[in-house]
Protein chains: 2
Amino acid sequence: MGSGKTTSFDIAHRAGVSQATVSRALRDSPLVNPKTRERIKRVARELNYQVDRTAAGLRSQHSHTLAILLFEDPTTDDSQINPFFLSMLGNITRAAARRNYDVLVSFQQLSDDWHIKYQVSNRADGIILLGYGDYSGFADKVDKLVKAKARFVVWGATGPGLSGQTIGCDNASGAFDATSHLIKLGRKNIAFFGGTTHNSPEFRQRYEGYCKALRAAGLNVDAGLQFDADSQETAGASATVSLLESGKPFDAIFAASDLIAIGAIKRLRAEGLRIPTDVSVVGFDNIPAASYFNPSLTTVHQDTIAAGEQLVSQLIGMIKGEQRESQLLQPSLVIRGSCGG
Amino acid sequence: MGSGKTTSFDIAHRAGVSQATVSRALRDSPLVNPKTRERIKRVARELNYQVDRTAAGLRSQHSHTLAILLFEDPTTDDSQINPFFLSMLGNITRAAARRNYDVLVSFQQLSDDWHIKYQVSNRADGIILLGYGDYSGFADKVDKLVKAKARFVVWGATGPGLSGQTIGCDNASGAFDATSHLIKLGRKNIAFFGGTTHNSPEFRQRYEGYCKALRAAGLNVDAGLQFDADSQETAGASATVSLLESGKPFDAIFAASDLIAIGAIKRLRAEGLRIPTDVSVVGFDNIPAASYFNPSLTTVHQDTIAAGEQLVSQLIGMIKGEQRESQLLQPSLVIRGSCGG
DNA sequence: CAAGTTTATGCAATCGTATTCAGTTAAATT
DNA sequence: AATTTAACTGAATACGATTGCATAAACTTG
């Protein structure tokens, strides 16, 4: 008669069966007679009963929950979050929902002890790691995850020594296509904006794709045309300044992210250069703003819906004990106004 | 000597105390001797021990988790999620993280039994409801939440009969400012895009602010200049078509969302009209794309960082048993290119 | 019809922590 | 010195499900 919450005991009593049978019935166990099951379910519905997921989780040792860990550029502080990852986040959540998994979202600084926090504290059955940025020290922690037998998938590149499952887009191929397109348009001096050293493996792969395209067309790779930039808009602006100051001739820029491209275009405009007449620009990611920008931005599209779907299905597969291989998604070039032609 | 996970018993044994003391020490209870506490904490660290949140939650009956329920326009299916809400989502998560709360994200169709699902199943201590869209039947479910004594806050307007705590921006005031600005620029025939009837209370409030501004300037409110539109870009396009077909003269549009505004501008352009020379357009939300759009979009800015902060602090306050009042955030007009002047 | 199977069900033991209640010292008070 | 008080600690239990094991009834089968 307690005013407490309804438990499986209450509904067991009401249905004239044991609590164990209630538990089984609600989970559609074949062990319980169909008629009994229906009766139990009806009573449960009448009492607005819902299984206490905490208790269930404790007993069964899994939470039916996936954790998304989004690693932020520590530099970014209070500014808005990279729209590309927000979009990923949304699509992952949807994909998880389709499979009846809940999603726990968490922003992390790379310095944190995230590798312990979720692996052990039983909040999630598996982890999805998302993020650009400086991955130094990242591999170590991922290794700890592996050793702890945590289930997780990483979005991004399969870095050196990065064990575990990875879902990523074929950055090199996307960059190759983008650069080749610029070459096809007759551009000869194509600059690359995006870090190659301390930055993310994604950016490095994009640089490699860029180099490959140049070589494939018989053009020289001029290291002096590569400028560091993290994924922010401001980085695009400063890279542009560096480029201009270098005095090198250039007629195109391939930026490792849309935000970099946008930052660059704004800066170029401020200097009186016309896009795409004087300079062709191509970005990467195809964030929503890319199509709204003026000029609309030619960019490499990553299918975040497919990516979310893949990440989730991969991770859930691993949770269920299946053996899975890393996957590479094929990006596609979206041609818009910023490159001319 | 089980190979199982480390529990509080393991560390109790290792530290030569009881499990109860371990539990207390790790939670900084004043009941345990400082020296003992330090020793316990050290052992815990050595063993990489983390409290099992599931077990803790079961025992203490709270999860230290907030759930975000994002209500989607059922029309939207697989398209991308409204960037405004993605941004809210990000900022809420950050605000929650600052207070050491985890965040559970869930997309819901309004038809679902969400009102039961989270209220009872103990997944979250409190709920944040987000979403535009048709709120019919929404109030009922919110009432059920209230009756079930669920802790929750709603983002949006305090609708009729919408009990419970609400955090929202002052839509009427934002709309008033936006419309007044258009009037100040000399526009006389200002259309309004956004539903007034079956749509969200937010949109209705924005319409009211629009009307108020017209009246305050001694202008007529012409009901024929109001066109229904949900928050999507396509809706903006179709509203534009309707407006053009109506044959009414117009020199400005106030759209209830940025996406509507963008859809409208694209359509107007396709018809050969110049923005802002022929038609001034103002939006609402200040999504990232607004500043990138061509022409850059004049819009009403909602501070999503402050909103996230408010929602979380309010909700956690309620969870802790404090009495809280609904809050109204002040939006601000961001003047850009699309309105001229 | 006896023996073996299948089908449904209940009992009771977990899962790992938080917390109540009852000590056991050591310090303070009279 | 006797007694109260304060400061810690531990044993035991509760949280609400899941699940291995035992068992009874119903059903096959030779």
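Worth knowing before you read on, the calculation uses all heavy atoms, side chains too, and leaves out hydrogens, waters and symmetry mates. Quick note on labels: first sequence line is chain A, next is B, and so on, each numbered from 1.
- Nearest-nucleotide assignment on DNA chain C puts the 5′-proximal partner with Q19(A), out of Q19(A) and G57(B).
- For the pair Y49(A) and dA17(D), the criterion of a side-chain N or O lying under 4.0 Å from OP1 or OP2 is met.
- No salt bridge links E322(B) with K320(B); every basic N to acidic carboxylate O contact stays at or beyond 4.0 Å.
- In this structure, the CG atom of D10(B) is 12 Å from the P atom of dC15(C), given to the nearest Å.
- Comparing atom distances between the T36(B) side chain and each of dT9(D), dT17(C), dA11(D) picks out dT9(D) as nearest.
- Residue E46(B) places its CD atom among more than 12 non-hydrogen atoms of other residues, nucleotides or ligands, all under 6.0 Å distant.
- Atom CG in D52(A) sits about 15 Å away from atom C1' in dG16(C), given to the nearest Å.
- When rounded to the nearest whole Å, the span between NE2 of H62(A) and C1' of dT19(D) equals 11 Å.
- The local environment of CZ in R14(A) is sparse, with at most 12 non-hydrogen atoms from other residues, nucleotides or ligands closer than 6.0 Å.
- With hydrogens and angles ignored, no donor-acceptor pair under 3.5 angstrom links the side chain of R59(B) to the base of dG16(D).
- Checking dC11(C), dA8(C), dT17(C) against the side-chain heavy atoms of P34(A) singles out dA8(C) as nearest.
- When each of dG10(C), dT9(D), dG16(C) is scored by its nearest atom to the side-chain atoms of T21(B), the top-ranked nucleotide is dT9(D).
- For the pair R123(A) and D102(A), the salt-bridge criterion is not met [side-chain N within less than 4.0 Å of a carboxylate O].
- Using a 4.0 Å heavy-atom criterion, one finds that V22(B) contacts no nucleic acid atom at all.
- The side chain of S18(A) lies closest to dG10(C), out of dG10(C), dA11(D), dC15(C).
- In this structure, I127(A) CD1 and S106(A) OG are separated by 9.5 Å, a value rounded to the nearest 0.5 Å.
- Nearest-nucleotide assignment on DNA chain D puts the 5′-proximal partner with V32(B), out of A56(A) and V32(B).
- A donor and an acceptor atom sit less than 3.5 Å apart, one in the side chain of R24(A) and one in the base of dG10(C).
- Judged by distance alone with a 3.5 Å cut-off, no donor-acceptor contact links the side chain of Q61(B) to the base of dA14(D).
- The interatomic distance linking R123(B) (CZ) with dC15(D) (P) rounds to 21 Å, in whole Å.
- Checking dG16(C), dC11(C), dA17(D) against every side-chain atom of A20(A), the shortest atom distance belongs to dC11(C).
- In this structure, Q19(A) contributes its side chain and H13(A) its backbone to no donor-acceptor pair below 3.5 Å.
- Atom C1' of nucleotide dG16(C) and atom CG of L58(A) are separated by 6 Å, given to the nearest angstrom.
- As rounded to whole Å, 16 Å separates atom C1' of dT9(C) from atom NZ of K35(A).
- In the set dG16(C), dT19(D), dT9(D), dT9(D) carries the atom at the smallest distance from any side-chain atom of N33(B).
- Rounded to an integer number of Å, the gap from R37(B) CZ to dA7(D) P is 14 Å.
- Rounded to whole angstrom, the span from the CD atom of Q50(B) across to the C1' atom of dG16(C) amounts to 14 Å.
- Nearest to the side chain of S23(A), among dG10(C), dA17(D), dT19(C), sits dA17(D).
- Residue R27(B) has its side chain nearest to dT19(C) when only dT19(C), dT19(D), dG10(C) are considered.
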